[in-house]
Structure formats: structure tokens, C-alpha cells
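Notes follow the structure.
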Number of protein chains: 4
Amino acid sequence: MERVTLDLLNTANRGAFVAALGAVMEHAPWVAEEAFGARPFSGVASLYQAMIDVVRNASDERQLVLLRGHPELAGQVAREGSLTADSTAEQGSVGLDRLTEEEFATFRRLNDSYRAKFGFPFIVCVRRHGKDSILRQFSRRLENNISAERETALSEIFHIAALRLDQRVDGPDRLNVHGRLSTHVLDTHAGRPAAGVAIEFCEIMANGTSLVLVRAKTDADGRTERPLISRRPIPIATYELRFAVGDYFTERAVRLAGPRFLDVVPVRFAVAEPEGHYHVPLLVTPWAYSTYRGS
Amino acid sequence: MERVTLDLLNTANRGAFVAALGAVMEHAPWVAEEAFGARPFSGVASLYQAMIDVVRNASDERQLVLLRGHPELAGQVAREGSLTADSTAEQGSVGLDRLTEEEFATFRRLNDSYRAKFGFPFIVCVRRHGKDSILRQFSRRLENNISAERETALSEIFHIAALRLDQRVDGPDRLNVHGRLSTHVLDTHAGRPAAGVAIEFCEIMANGTSLVLVRAKTDADGRTERPLISRRPIPIATYELRFAVGDYFTERAVRLAGPRFLDVVPVRFAVAEPEGHYHVPLLVTPWAYSTYRGS
Amino acid sequence: MERVTLDLLNTANRGAFVAALGAVMEHAPWVAEEAFGARPFSGVASLYQAMIDVVRNASDERQLVLLRGHPELAGQVAREGSLTADSTAEQGSVGLDRLTEEEFATFRRLNDSYRAKFGFPFIVCVRRHGKDSILRQFSRRLENNISAERETALSEIFHIAALRLDQRVDGPDRLNVHGRLSTHVLDTHAGRPAAGVAIEFCEIMANGTSLVLVRAKTDADGRTERPLISRRPIPIATYELRFAVGDYFTERAVRLAGPRFLDVVPVRFAVAEPEGHYHVPLLVTPWAYSTYRGS
Amino acid sequence: MERVTLDLLNTANRGAFVAALGAVMEHAPWVAEEAFGARPFSGVASLYQAMIDVVRNASDERQLVLLRGHPELAGQVAREGSLTADSTAEQGSVGLDRLTEEEFATFRRLNDSYRAKFGFPFIVCVRRHGKDSILRQFSRRLENNISAERETALSEIFHIAALRLDQRVDGPDRLNVHGRLSTHVLDTHAGRPAAGVAIEFCEIMANGTSLVLVRAKTDADGRTERPLISRRPIPIATYELRFAVGDYFTERAVRLAGPRFLDVVPVRFAVAEPEGHYHVPLLVTPWAYSTYRGS
């Protein structure tokens, strides 16, 4: 996706403005068109707010058209490859393009129930969720009454728009749409950062299976080269860090009768705030460890 | 199994003595017969030592007969139900009576290689090992030379005999054949023992599967009613404790946005000393925990 | 003090009964005399309750006489050596017999204000408090109105009576008048209890000075031979445990460049429940430690 | 002190060069004069090395003159105010200008013994030590033989020179002469950084007294605004951090019966590497805490 500067947007004509931002709201270039009048924008946040205001001030009918313009999650349209480019990337990010037949059937059943009850498709900002979390949201929101659910759907659209804007526009400020998840291993046996510890970072599914997202080794400072997740929301999900501390201590010539008391240490936790900072360190000796939510 | 007092053994005639202890060494009542002469015994430990001395002082040929008198592990004899009562219970304790065809084939292959190299069956005190540990021992001991391996096999026979004696004889002392594995949950959020925490205690297999050994809830003192393992050796194996701390804190009205940062906390560790005391506690808040090998 | 069994009290004549228990309430043998009628007692707790009931059912005037029968804390009577034996031991336990002139003057000033406001002396169960806590109670209770303070004074008398009964009577039950304070050192560098750690257990005064109460060394299990406080209430006070972990690790040949990062580790905490169980362990490596209120 | 750039030094004439660096070695401008010939220097480290080389290549006699050119620590010269500007600042940094008569006498006695044995004054880079550490060094080095002690004295001169160079010269690189000591408070009761915790950072003297070096409050990230020590070596000494966690939790409406189990938490540790990074965090609930040497 080509990025554009806020300065350029502030001086562009209406056509160029809408060409750049028309896809921020799904199948609703009119939102960008009407926001054009609020120029100039002092920052990306005020551009974003202007687009939200356009939607908020639109009539109920127009809002409904906006809601109905969204594709179903994991729906037939996706299967046929007729999603917008944004939606394709978003749904792919959480694996909705790689569902088993059984999962596909579950989504179809939920989609049908939802549309029957509310008259528009289920909308969720998929980049902020793991697959299990999307299914939990789906079931939970089916219990809503229609006005609460319209409000929820709009707020999801605004989450989606924020991420799309963030991908398109460079300005003096950034929208608060990114989280960060990091770790750190401290060797409290030797009193220094633990270097060279192999780490697996996994997502844990509701059915107990796990998916390795990142494999890394700690550096001289006990950290991974990059945060485990950054520059995007952290999907709401359950994760597990697996630290190969047994190998680490053996390589450092700490003599341990086999099998070692601690070998691979699993630390399991869930993320509830996609835009939050999660630092999950490990303080470890061959016989003890602790972990916590740091910052 | 009927238990007998050491006093009774010290005053029994030779026939009764051998009837009580003849099966302590597999298919080798002569060990009990010869130990009879060393009476009276001041404790179970000295009775045990007397039986060891009989074996140690026996000729190489007689020792070889003793070794050859042991059944194969998970062997054809077991399948046909012709094991001694002791061997049946021992092999069953580690699941050798419930092998898959593939595992059975592995054991057969190892048994064949072992017997071909050493001329006697592979002997191990199965109550001191999990299934994976037995297979590791098997492969490792196949690398031994014959004299080292005969010595190893005898020491395993002595482990087996100690446990069989412990099951049969009451005396003023106890053989050191039992380990203990326990846990404890301390709520460092509220500064008191965590009562009512559901715990699963599992054995973790090399292939990643897990077998729930105990399900328990902590009592008012944060402990389980009984130790997780006691009154027997702790099999050498990898274990996992799973503490349902998310439910615990929710029940105690600690408000946590869902999903909870900590839900089920897994603590994975291995046991290397079957007769050791392993205390593996959890100190926990909704946001942090630590664990260690205590005593 | 001679102890007597509850059985004996249940069958004694009135004279012997009052001889044994007359001093449980200060200068008020009539309480024992009237409780005599409630015999037999199934346990020490019911004997205790009977004595409380006598006081509760007494007239206001008689209660006032009871209150006035108590000596001043650290008062002139104590200086002249005319306290009852119980009061002498109790006031000595917290050091009220070893005050500086300045402290003595403070107590006199408080005693005078208190007596002027309430018409009876300040009564507190001194065994349940450190000196600083007594002074805090004194100032705080001077703010009470007279009816609240009479109630408070009675409840202190009942605390005193419980401890005096506990020192005199053996029965099938025990009054809940004792606390316990203990520690434990776990070496999480080596994965075992830390044996031979020198410990100082101190009371910390409000003026910053400290008083060593116990010096001890940990045994093979990482514990002290006896609890640091037991078989009595834990005085409400601030305490500090000082663990000589630097020497411990040096003796265990852990090489540490001097000066050692951790040498004497101070753990400072306060006790608020004299009858509670406080377990304050230390988990320690040469580079890290943790402590908590355990049980 | 006026700073000069390495570029300027590389192009200055000899007079200006020596004017800028003559005082780097105490009363020995000839070191700068001879180092002048090694220009140009690619960095401050190579300038430093050139000055060291000049000293190393000088004759024994000249080295002895250099050693003898240093003032006594806390000596008569200091009392009379005739130290060089550098020495005045250095000795003042550790309080050697504010000694009691007794301490002054101790230094005089040590200075006399030292000069009698070695023929030159005791030289130490005082910025790298607390007062107690200087006295320990003094006693220990008096045990050295003369050749080992000359070597030790030279290495101290080089430490002093490195710090003086670092204060004078800006170049593309920095000498590794600074340490950093920092802290961080994490509230593991609430799962977030502890903001607003009052901290005292003290030096603990051998006689048990303490000197408050810094008072600070943690910010929203649980850190102090600046590191507790930075941009200088950390004096080798024993320190104590005092965290007012009782007030912190009370302000956060955590209800605690008084007196609070944890009120001011002291964490005592020593620094052995003046150029090291010491991060000493506190993880704390109202009932538990842990600390460690981090990085």
C-alpha cells in the first residue's frame, strides 16, 4: 500500500483525497468525501476523528448501508476471492482464509444467525483478535439487543478504520493502534542477563493445540532482537512462551543430574488489551523461576 | 499381600521364613534360605543387607541364574499372563501392560538386542521410572560393557528387593524407598493460603501427550489433602502441575478484564531422585507467579 | 505458677477453686467465686466464657471497681514494687520496668490525662504489644468517648484473663491465645534448604533503634530449631529478620567478587495479629531474593 | 572545567595541547608533552592509551617522581588548601574533606605507615570508592610487596587519568568510566508499574549509620526520573533502597489492618564494579516482594 503524507492530503484536491482514503471505510468512499471539508488536519488523529464524525452524523439509513457494505467473516465472498484488498489482508491475518470445513460451517451458522437477527453482517476488527476470540465475540454479541449491537458494530468499524489510516498516512502523530509484547530472561543464578536461551512463542488454541508464532534466541542483554509482537495490535488470545532453560544452564556448565528439574519452562498468559504493552520476563535458576506482567 | 512382623520372622522356622520372603528375589528362594542363618535381625535394613550379602557372595554362575530368572519387560511372558504376582503388579504400575503395538515392538527389539549382547534379560526397578525413562535407560545401558552391566542389573535387583521387602515386613525401621511429591498454593495478592484452587497433576510423555495422575483442590491451608505422590518411589519422569488460578481469583471477586492474564498456570518439572522429597509450591497473584523446588 | 487440671477444678470446693483462679481478674476474686456456680466446665473455653459472663452481668459500679483495680502501666506502683505477681511479669515482658526517665515521664503524662478523662487507669493486655504499639494505643484511646473506652478496657481485661487462665489450667482444649512466628531459608541457587545461615531476629523501635530478640542458625531443613516466637502472643510491633546470606554462599564456595552484592539481607515487617501464624521465608541466590507472608 | 574537542587537540600546537591535558596526570605535564608526538588520535581511547604508554615507557625514576607527585589522601596538604583543583574535587566527592578528628587520625596513621613502607603516598581513584572501601583498600594494600604495590598505584593513576580525560575531551568515542544504578517498582498486586512510590537511596557505612543520597518518587512507569547514579563511576560501597510501599498501597485503597505487614521495604546491596550497570527493581504486593540484580 502506498503511503501518503498528511501534508499532501491537506493540499490535495478532492479527487486525490478520496483516492487515497476512500477505502478506509469499507465500500463507503462518501465518508472520505465528506471529511474532505474539514481540512486542514493538524494530525492523523484529527483526520481520524473527522471521519468518525461523518459516520456519527450520518442518518440511520446511511449507517445501515455502511454496516451492510462489510463482507461476512470467512464467508462465501472470501471463498470466491471477491473481497476488497483490505479485507483480504485482514481476514488472512488471523487465518480465516485457512479454515477447516468444520470451522467454515461454524462461521456460516453464526453468520446466518447473526444476519437473521440484526440485518447486517457480523463486523469485527479481526487484527485485534485470535480466531478463538473472534468466535467468543460472535457468540456473545448474538445475545445483544439491536441498538447495542449497532453501536458495537460501529466501534469495530472505527477500529478497522484506525488501522487502515495508520497504514496509509504519515503525519506528525501516530494513532494508538499498536501493542507490544516482549520478553526478557534474567539468570538469577549468575546475576546477569541469560544470553542464548532458545524461546518459542506460541498461540494456544481453545482445543489445546498450539501454533508457533516466533522462534528466537536471547541476546547478550537477555532480550530477543525484536519484540515478539510490535507495530500491530496484539491479537486477543492465549499465548505460551517456552524457554529452553535446561539447555542454557547445561551450556553454562551448571552440573545437573538428569533429567533436569527445569528443562523447557512454559509460561502461559492471555492478552486482553490489543494496544497494550505486555512485557513477560523470566527470572530463573536451575531450581526456581518467576514471571510477571511487566511493562 | 500379607504383612509380617520382623519379630515373627526372627522366631519363625526356616520353612515359614522362606514362605514369607522367598519371592523377594525373583525365582530365587535360595536367597531367603541362606539369609535365614543370619538371624536375628535388629531391623528391616539389616535383613535387607543380609539378602544382598547372600547375592554378592554367590558364585558368578548362581548370580547369572538369578539374572536370567527375571522376566523380560513388556515381554511375551507378560502377554501370556505367566509373570509372578510381584512382577505383574510392578510392570502394570508403569503401564507396561497397556502398550500400543508400536511400543510393544520397540520393547521387543530392545529386549532382543539386550539379550543377544548380555545373555540375560534387561532388568530395571520399574516402580522408580516412568515409561520414557525406562526406554532411555534401556538404550543407554545397551552401550555398557558386560561387567558394568551385570553390576547395574544387580543394583536394580536390589532396588526391586527393597520395595518388595518394604511391602512385606513391619519392623522398628523403614527402608528408604519412598519419595514424596507435594505442592502448596500461596495467594500473595491477599497474603494467605489459596484455598479451593483446582489442580491437575500430570505426567508428560516424550511425545508431548499428558496423562492426568491426580485431580485435587487445595484446602484452607493451600495444600492438597494428601501429597500428590507418597508411600512409593516417585517415578523418574517429567510432570506438570496445572493450577486453575484464574477461576480462584474470579471466585474471590478480584475483577479481571477477560481474558484473564493468568488462567491455568502450568508448572513443568522433572524428578531425578525417586526417593527424594519434592515440594513444588506456587506463589501467585493475578499478574505474577513464582515456583521453586522446595523441601 | 502451679498448673491445675480442669478436672480438679470441676471437683474442688469453692475455697480451692477461688484460690486457683482468684487472680485471673486483677484484684477481683469475686469473678472466680461467682463462676464457681457454673461448674462443671467441659473445657477451658467454657470456664473462660463463664468468667466473662460474670463480668458482663455485673453492675456498672462493680465493673468500674474492676477497672479501677488495675495498676497504672509503668506507674508509681510498679516503681515501688507493689504490683501483683501477674502484673509484674506482664509489664516486665514488654520492658515497662526498664524505661528511661523520658519514657517514664511520657507514660506518666498519658496516665494522668487518661485517668482525668475516664476515671480509671489505662488497661491494655501488654503481652500482645510492643512498647511502641502500647504508646500508639494509649494516644489513640484517649480520643475515645467514655462508653467506647469502657468497652475497650473490658475487652483488654478479657485478653489478660485468657492468658492468665492459659498459664494456670490444663484441660482438653486450649484457648486461642498463642501466635507463631517462623522463618525458613531456601537456597534457590542450589535447589535445597539453606543450612547454617546465621539469622538475627530484631524488634525495630519507632526511633529507628533495634533490639535483637533471637540469634539462630538454620538447620539442615533451612529452619530454626524453634519458631522465633511461639507459646505466647506475638507482640504487635515491627520486626526485622537479618539473614547472613553472603557468608552462607561464601562457605559453600560460590565465588563472589567483593564486596558481595548481597551480604546481610534485612526483611522488615510488622505483626498486626498477635494470635496469628506468621511464616516469613527467604528464597535466595547470591543475586536475588524474595520473601512473603506464608502460613 | 572547559571541554575541548579531540579535533582541536589534534590540530593544536604543543603549548595548547599541554595546557589542555597537562593536569590529567598529577603534577606531570611531561606525560601530555610526550603524548603530543603520537597525534593525530582517532578517538579519546587512543589518546588515553598514548598517555598510558608514555608512563609505562618512562624510567623507574621518572615513574617514582610521578607517584610522589600525588597528594596524601585526607592529608595535611588538603587541610591547608594546597591541592590541585582536580584533587580537591576528587577528594571532596567522597567526603575526605569532612572527616572527624578520629577519621583524620586513622588516615594519618595509614598514610604514615604506607609512606614508610613504599616511599610514596597512597594513591587511589577516590571517585570509584566510598569512604569505607578506601579504608579497606588502604589496609589491604599495606600488605603488598613493593613491586606489586607500584603496579597497583600506577593502575589507580590510570583510572584517575581516564576520569580527568573524560571530563575534558569530546571525541567520537567515550571512555568506559561511567556506571549506572537504577531501580524500578512493579506492583504485582495490580499488574502495573507502581507510580508515586517514595524512595530513599542511601549509602550504608561500616558503623551502621546511613547517609541519604537521593530522595525520589516513581513516575507512571515505576521508575525514577533519572538513574540514581549515572554519568560517573558508582562508588564501591554498600547501599540501601527504601521503598515506601505501605503508603503506596494505602493510597491505592488497598485495605490493610494496621500496622501494615510491609511498610518501608529496605533492599540492601553492595556494588563491586564502579563501571557496571546495576538495576535493582522491586516486585511487590502488600504481602510479598522480590528483588534482584537486573541489567
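A note on names: the letters A, B, ... follow the listed sequences, proteins ahead of strands, and every chain is numbered from 1.
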Counting only non-hydrogen atoms closer than 4.5 Å, does B/Arg268 touch chain A with its backbone (N, CA, C, O), its side chain (CB onward), both, or neither?
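For B/Arg268, the contact with chain A is made by backbone and side chain together.
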With only heavy atoms counted, which part of A/Val280 is less than 4.5 Å from chain B, the side chain, the backbone, both or neither?
side chain
If I compare all heavy atoms of A/Val271 with all of B/Pro259, which pair ends up nearest, and what's the gap?
O-CG, 3.6 Å
Between B/Ala270 and A/Arg260, what is the shortest heavy-atom contact and its length?
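Result for this residue pair: CB-O, 3.3 Å.
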Tell me which of these, B/Leu283, B/Thr238, B/Leu262, B/Thr291, has more heavy-atom pairs under 4.5 Å with chain A than the rest.
B/Thr291
Heavy-atom pairs under 4.5 Å with chain B - which of A/Tyr289, A/Phe269, A/Phe261, A/Tyr278 has more of them than the others?
A/Phe261
Against chain B, work out which of A/Gly294, A/Pro286, A/Pro266, A/Ala237 has the most heavy-atom pairs shorter than 4.5 Å and name it.
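Result: the option with the highest number of such pairs is A/Pro266.
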For atom CZ of A/Arg180, is the number of surrounding heavy atoms from other residues, nucleotides or ligands below 6.0 Å larger than 12?
no
